[in-house]
Amino acid sequence: MDRISLHIEYLLLKHDCVIIPGVGAFIKTHREAYIDREAGMLYPMGTEIHFNADIAEDDGLIANSYSRKYNISFPEARTMVKAEAGAMRDLLQQDSEITLGNLGILRAGDDMTISFHPFLRLSSNSSRLGILPVRILALHSIDSVGPGINKHQTETSEESINKECRKHKELDFDRNYYIPVNKIFAKTAACLLLVVIAALSLFFPNTERVREDRASVVPVDTLIEKVVTKATSPSADRKQDVSATPTEATNKAPVTETKQYKLIVGTFSSESEAESYIESMKGCGYDLHNNPSGKLHRVSACSSDDASELYSLLNTKDFQKTFSESWVWHDKSVGK
């Protein structure tokens, strides 16, 4: 679920509604700053994420993001999104709970009513940006005087305000130094500080954020290094390869997989790069195959007609340790 949650988090930065087909919609709401006169507090503006299970029709937003990210066609991306949404519904039926990256937790009730519990509430989300509630005792005290006040009442009110301020905090000039600061300068400095914090947040992302999940592409330098190492190996190894029986040579021929869903572990632009990668990964515990598709060559670890089986394998710790950037591909050429 990490891949689709990353796309949802990214899309919520630009859109107010992101729909998972057949599951529900994540909706971003905005709240303006407001004053609680009774408590004498000024609360900042903020945003909050809600979930609505009644909005489940596919609008193509996530599929479009998949298409751009993985450089695939929109129909292929929509198929991937539907497959992951189906796997998400299956997990909700089995475990009744799914964690979606940094967003929160989806829980399913006995009647499959889905509820969302966000990790960040409105107050905590604002505090992470350094925007905190402010106490406004003076405003609270003036408002309590009421309408129709005269000059004498105003002076009396100001005296009571000053007394209340001195009551909360008295300045000790004998023990401390106090530097007067212009209010306009302080406000300007605070605004500049907020702008700097917002700019830094764009260049230094949250370290707790899950890394991006993308199809692995082995660097060309690594392939060249492995080819050179193989070429400089002892001649006895080459003789052993030459003396291989015809049966062994036949077994080395590429095997075409006939399943429509494949667990892809590498994508290459040429057949030689794909075969070199398969050769370098011998002994990994999986029978790797090259799957040509147009100008690309996708290397798969296994295949199945049931996409949920592949997602179950993809999410295991042992498989992620060996192939940390794998994904499920729907091969539409199978069966044609």
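When reading the values below, keep in mind they use all heavy atoms of this one structure, side chains included, and skip hydrogens, waters and symmetry mates.
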Full working for side chain to side chain contact (heavy atoms under 4.5 Å, CB included) between M88 and I20
CA-CA 10 Å; M88 184 182 296; I20 303 179; 4.0 Å; yes
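- For the residue pair D287 / H289, a side-chain donor-acceptor distance below 3.5 Å is found, with atom types taken as modelled.
- If you chain together hydrophobic residues whose side chains sit under 4.5 Å apart, M80 and Y10 fall into the same group.
- No donor-acceptor pair closer than 3.5 Å links the side chain of S324 to the backbone N or O of K321.
- Side-chain atoms of S308 and D90 form no donor-acceptor pair, as typed in the model, at a separation below 3.5 Å.
- Linking ILVMFWY side-chain heavy atoms closer than 4.5 Å, directly or via other members, places M281 and F268 in a single hydrophobic cluster.
- Taken together through direct or relayed side-chain contacts under 4.5 Å among Ile, Leu, Val, Met, Phe, Trp and Tyr, L92 and F51 form part of one hydrophobic cluster.
- From I72, atom CD1 reaches atom CG of L296 across 11.0 Å, with rounding to the nearest 0.5 Å.
- Defined by atom type and a distance below 3.5 Å, a donor-acceptor pair is missing between the side-chain atoms of S304 and D306.
- In this model, a donor atom of one side chain and an acceptor atom of the other lie less than 3.5 Å apart for H50 and T29.
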Q) Can you check side chain to side chain contact (heavy atoms under 4.5 Å, CB included) on H297 and V299, steps first, answer last? A) CA-CA 7 Å; H297 292 264; V299 177; over 6 Å; no
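- Surrounding CG of N71 are at most 12 heavy atoms belonging to other residues, nucleotides or ligands under 6.0 Å away.
- For CD of E57, the number of neighbouring non-hydrogen atoms (other residues, nucleotides, ligands) closer than 6.0 Å is 12 at most.
- Salt-bridge check for D58 with K82: failed, with every basic side-chain N at 4.0 Å or more from each acidic carboxylate O.
- If you check the side chains of H330 and Q260, you find a donor sitting under 3.5 Å from an acceptor.
- The side-chain tip of R78 does not point at the ring of Y66 from less than 6.0 angstrom away and within 45° of straight on.
- A side-chain donor from one of R298 and S293 sits under 3.5 Å from a side-chain acceptor of the other.
- We find the OG1-CD1 distance between T188 and I184 to be 7.0 Å, quoted to the nearest 0.5 Å.
- The backbone N or O of A63 lies less than 3.5 Å from no partner atom in the side chain of S67, so there is not a single donor-acceptor pair.
- With values rounded to the nearest 0.5 angstrom, S115 atom OG is found 10.0 Å from I105 atom CD1.
- Rounded to the nearest 0.5 Å, atoms CD (E9) and CG (N102) are 4.5 Å apart.
- Inter-residue side-chain proximity for D318 and T322 is flagged as unmet; no heavy-atom pair is nearer than 4.5 Å.
- Checked by atom type and distance alone, the side chain of D95 never pairs as donor or acceptor with a backbone atom of E97 at under 3.5 Å.
- In terms of the ring-ring contact (aromatic ring centres under 6.0 Å, His included) criterion, H15 has no residue partners (sequence neighbours excluded).
- A salt bridge does not link E48 with R31: none of the charged nitrogens is closer than 4.0 Å to a carboxylate oxygen.
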### Task
Apply side-chain hydrogen bond (donor to acceptor under 3.5 Å, both in side chains) to H7 and S65, showing your working.
CA-CA 7 Å; H7 283 268; S65 180; 2.7 Å; yes
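- Checking side-chain atoms of K28 against main-chain N and O of L12 turns up a donor-acceptor pair under 3.5 Å.
- The aromatic rings of F323 and Y286 stand perpendicular to each other, their planes meeting at an angle above 60°, with 30° marking the opposite boundary.
- The structure places CG of L42 at 5.5 Å from CD1 of I35, a figure rounded to the nearest 0.5 Å.
- Between atom CD of residue E325 and atom CD of residue Q320 there is a gap of 9.5 Å, rounded to the nearest 0.5 Å.
- Side-chain contact check for N290 versus Y277: every heavy-atom pair is 4.5 Å or farther apart.
- Of all heavy-atom pairs between L103 and S5, the closest is CD1-O, 4.3 Å.
- For the pair V265 and F319, the minimum side-chain heavy-atom distance is below 4.5 Å.
- When hydrophobic residues (I, L, V, M, F, W, Y) are linked wherever their side-chain heavy atoms come within less than 4.5 Å, the members clustered with I19 are I27, I55.
- The closest side-chain heavy-atom distance from L288 to K282 is not below 4.5 Å.
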Set out, in order, the CA-CA distance, both residues' side-chain angles and the distance that settles side chain to side chain contact (heavy atoms under 4.5 Å, CB included) for W329 and Y261, then state yes or no. CA-CA 6 Å; W329 174 47; Y261 293 100; over 6 Å; no
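- In this structure, I264 and V328 have side chains that are not in contact, with every pair of non-hydrogen atoms separated by 4.5 Å or more.
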query: side chain to side chain contact (heavy atoms under 4.5 Å, CB included) between L263 and Y311: does it pass, once the steps are laid out?
result: CA-CA 8 Å; L263 190 51; Y311 282 111; over 6 Å; no
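- Annotation for F116 and I49: closest pair CE2-O, 3.8 Å, computed over non-hydrogen atoms.
- The two residues L61 and C17 come nearest to each other via the heavy atoms CD2-O, 3.6 Å.
- Residues T316 and L313 form a side-chain contact, since some pair of their non-hydrogen atoms from C-beta on lies under 4.5 Å apart.
- Between the side chain of N64 and the backbone N or O of G60 there is no donor-acceptor pair closer than 3.5 Å.
- A pairwise comparison of heavy atoms in L310 and C302 identifies CD2-SG, 3.8 Å as the closest pair.
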